[in-house]
Amino acid sequence: MDKMLSMQHFDSFHRFPDGPANRGRPDEAGLTRSRRLDWVLILGALLLGLAGLWHATRFDFVCDDAYISFRYAQNLSRHGVLVWNLGERVEGYTNFLWTVLLAGVDHVGIAIPKASLIFGRLFGVAGLFVLLWISIILRREVGSFRSGPGSPAPTDRNGRSTSQERQRSATIRSEWQRATREPLTWLAPLLAASTAGYACWSSGGLETQMFTFLATAAMGIYLYEAQKDHHTILSSLVMALAAMTRPEGVLLYAIMVLHRLTWDIPAALSTLKRHRISWSSLGRRVLWGAGFVMPYGLYFLWRYHYYGYLFPNTYYVKASSPNWAQTRTFGWTYLSTFARDYHLVHLTWIPAVGLAWSLVEAIRKRPFRSFAWSLWILLATGLAAHVIRVGGDFMAMHRFWVPLIPVLALMMQEGLRPFESLVHVHASISSQRFPLVRALWATALIALLGASAVNSYHLGHRSLTTLHVHRTGYDGEYDHLESVAFMKKFADDRVLIGRFLQHRVPADAWIAVGGAGAIVYASGLRAIDSFGLSDLHIAHDVKATNVRPGHEKRASLGYILSRHPDIICTPGIVRLQDWEYRPNRAERARWERLGYEYFCADPPHLKPSHYCCLMRVDRDLGLKPVSAYRY
């Protein structure tokens, strides 16, 4: 009798408007048709993927910071150690899984920079498909969602699916096809695909899209598990992979834990009042926690044993600031430029409508929409607070906001869901074959996507063209951020300089640099990073003097000289210009007392044409001093 009641409860607990309970059972012909390939879904997914790839290829660049991970990946592939300099264990990266992935492709002979672009675009497109899947499950709303302990699944005594469950499975397949034929289902993935920041950071060579894909997948699985009221370890396991790709994954998992506790506690208190404890439900929640804690815990213990510190070396550099108030001001500015560029302030009414509708649905005993909305709001708020705290970023095109773009796209889509319901109601009572309201609805969606695409085109064009090259260097900033054009030229030029040094300088030479990415990777030389990302002394013993994100600490000249580098190319010493640098007599005498003299690298295609640094006098490095030293 209890089993029969449970079955009835499972079928009738939430009759969502778009769910299978309101559509009736398909006939046999319908079941046969539902098993066929849905060409609408296949064609739509293909076009979605092509649109995402096309937009990403518009931003074809690798930034200098990416070459830091490339250096670690190369040492892992070729020497079996995850280090910056051989013999020094310093954790100067924060993207473990991304670095290991690139090491794997280097091991099979694929160039790491090229592989980073391929994987970035693949993860970007995969993230769009995940968004489409989330959109479909949000529309289907299958199962008996409840905030407390799960209701039993409809199976027979031997645990096999009943005929009713098989019928439900067929209905679900049919619902997938119906969902993909609704225009609103495609809005979130299309909005993400048309967003300039999402497309831009599918390039860049960084782990941004891998992290975004894993975090979005974990969120989608978490919602699906809640919808089915059957939590597994899969969502927490995927979030553990995200946390091993970027440290922000730990924050996102903590938000998921807070969200789940918020929804579980009322139901748990209710069961305690009835003096009943669902041990199976409690066990599932413990396993869900173990899905994150076990893999991430093992990774954390390995990290601590291998490098000797609780946090990556980059944390001790970037978590410092001489003026936290100013750092947070930079963070607020970083947020405001993101909101301004995508006109978020003018669009807040759409999520507000969706949130209000979810509350109405909760009052009507349909809490799943409120469950999803509360998760999105917590994720957006938590990530925004973190980014503001660390001061944002110094790179343009909203890199730190990319993991938030899928969440915002879902909020925009679900905010329009009440209007879609009104359109369907009007269509059901209209005698017109093509009702005017439906045409206006489709026009509004197309206009929204078109506005997003046009706005993103202008944002991308500004970042791809903001670069001013002159005889003594180049610049390319707007909103106090480095444009894509600047980042591309900066990294490409330093690859040229690195290769120039690689062909002339002994392999055991040391180089001290500021931008410790492309020039170090291309030259293969042992290196001192003057900003401390890969240097223990700078990260732990030097005080922060700058509030610019990622550049808070900087090595003194005394410390650099104490390491006796063979080449010094740090900020303040480098001369980038269209002619050979000629230091005056006083400057020559000063550096000669310290044992150094200037040389210039002038590889073909470098513009400005001469990159001049210091080299040691007492060692033959295969480099010629500038003519000022030729008395």
Side-chain angles (χ1 to χ4, degrees), residues 65-66 68-69 72-73 76 82 91-104 119-120 123-124 126-127 130 134 201 206-225 231-261 285-307 309-316 318-319 375-376 378-387 389-390 393 399-407 533:
D65 277 17
I68 298 176
S69 299
Y72 278 90
L76 177 61
L82 201 51
E91 190 180 9
Y93 63 93
T94 53
N95 48 11
F96 172 74
L97 286 185
W98 178 251
T99 302
V100 171
L101 177 63
L102 295 180
F119 281 123
F123 279 117
V130 170
I134 295 174
W201 292 107
L206 292 169
E207 74 289 343
T208 307
Q209 281 295 4
M210 181 178 182
F211 174 71
T212 301
F213 163 74
L214 290 171
T216 306
M219 176 188 69
I221 297 169
Y222 176 78
L223 291 174
Y224 181 73
E225 290 171 345
H231 287 279
T232 66
I233 67 170
L234 186 57
S235 59
S236 57
L237 178 60
V238 175
M239 189 57 82
L241 297 178
M244 287 186 274
T245 305
R246 274 208 62 84
E248 288 85 351
V250 178
L251 170 65
L252 299 185
Y253 179 71
I255 291 172
M256 287 174 60
V257 171
L258 174 63
H259 179 262
R260 184 161 183 180
L261 288 175
R285 280 146 178 79
V286 171
L287 286 175
W288 183 76
F292 181 90
V293 173
M294 290 299 293
Y296 186 80
L298 291 173
Y299 158 72
F300 186 88
L301 290 175
W302 169 83
R303 270 191 58 255
Y304 183 72
H305 173 75
Y306 197 79
Y307 295 108
Y309 291 94
L310 291 175
F311 302 106
N313 202 64
T314 52
Y315 168 83
Y316 299 101
K318 298 182 179 182
L375 175 64
W376 297 334
L378 281 175
L379 290 173
T381 304
L383 185 60
H386 167 71
V387 174
R389 177 186 173 276
V390 300
D393 193 19
R399 177 170 64 112
F400 283 177
W401 299 124
V402 171
L404 193 57
I405 288 174
V407 176
L533 297 180

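Below, all heavy atoms of this structure are taken into account, side chains as well, without hydrogens, waters or symmetry copies.
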Of all residues at least two apart in sequence or in a different chain, which pass the side-chain contact (heavy atoms from CB on, under 4.5 Å) check with Leu76? Leu82, Val100, Ala103
Rounded to the nearest 0.5 Å, the CG atom of Leu287 sits from the CE atom of Met294 at a distance of 11.0 Å
Taking it one step at a time, do Leu379 and Leu383 satisfy side-chain contact (heavy atoms from CB on, under 4.5 Å)? CA-CA 6 Å; Leu379 290 173; Leu383 185 60; over 6 Å; no
Heavy-atom closest contact (Ala217 atom, Val238 atom, distance): CB-CG1, 4.2 Å
Taking side chain as C-beta onward, heavy atoms only, is Leu252 less than 4.5 Å from Phe211? yes
With heavy-atom distances below 4.5 Å as the criterion, would you say the side chains of Arg260 and Tyr222 are in contact? yes
Smallest separation among heavy atoms of Met210 and Leu97, with atom names: CE-CB, 3.8 Å
Could you tell me whether a side-chain N or O of Ser236 sits under 3.5 Å from a main-chain N or O of Trp288, the two making a donor and an acceptor? yes
What are the two closest heavy atoms between Ala215 and Ala242, and how far apart are they? N-CB, 4.1 Å
For residues Gln209 and Gly120, report the shortest heavy-atom separation together with the two atoms involved. CB-O, 3.6 Å
Closest approach of Pro406 to Thr212 (non-hydrogen atoms, all atoms of both residues): CG-CG2, 3.9 Å
Pairwise distance CE(Met256) to CG(Leu251) - rounded to 0.5 angstrom: 12.0 Å
Val407 and Leu404: CA distance, side-chain angles, deciding distance, side-chain contact (heavy atoms from CB on, under 4.5 Å) verdict: CA-CA 5 Å; Val407 176; Leu404 193 57; 4.2 Å; yes
Ring geometry between Tyr309 and Tyr316 (parallel below 30°, tilted from 30 to 60°, perpendicular above 60°): perpendicular
Could you point out which residue of Ile255, Leu214, Ile134 forms a side chain to side chain contact (heavy atoms under 4.5 Å, CB included) with Met219? Ile134
Using the test side-chain contact (heavy atoms from CB on, under 4.5 Å), find all partners of Val293 that sit at least two apart in sequence or belong to another chain. none
Side chains of Leu533 and Tyr93 in contact at under 4.5 Å (non-hydrogen atoms): no
Is there a side-chain contact between Trp376 and Leu223, using heavy atoms and a 4.5 Å cut-off? yes
Quick check for you: to the nearest 0.5 Å, what is the distance between Asn95 atom CG and Arg246 atom CZ? 7.5 Å
Separation between OG1 of Thr245 and CE of Met239, rounded to the nearest 0.5 Å: 11.0 Å
With rounding to the nearest 0.5 angstrom, report the NE2 to OH distance, His259 to Tyr253. 14.0 Å
Using the side-chain hydrogen bond (donor to acceptor under 3.5 Å, both in side chains) rule, collect all pairs that involve residues 289-304, keeping only residues at least two apart or in two chains. Glu91-Arg303
So how far is it from Trp401 CH2 to Trp201 CH2, rounded to the nearest 0.5 Å? 15.0 Å
For the student: nearest non-hydrogen atoms of Trp98 and Leu206, plus distance: CZ2-O, 3.5 Å
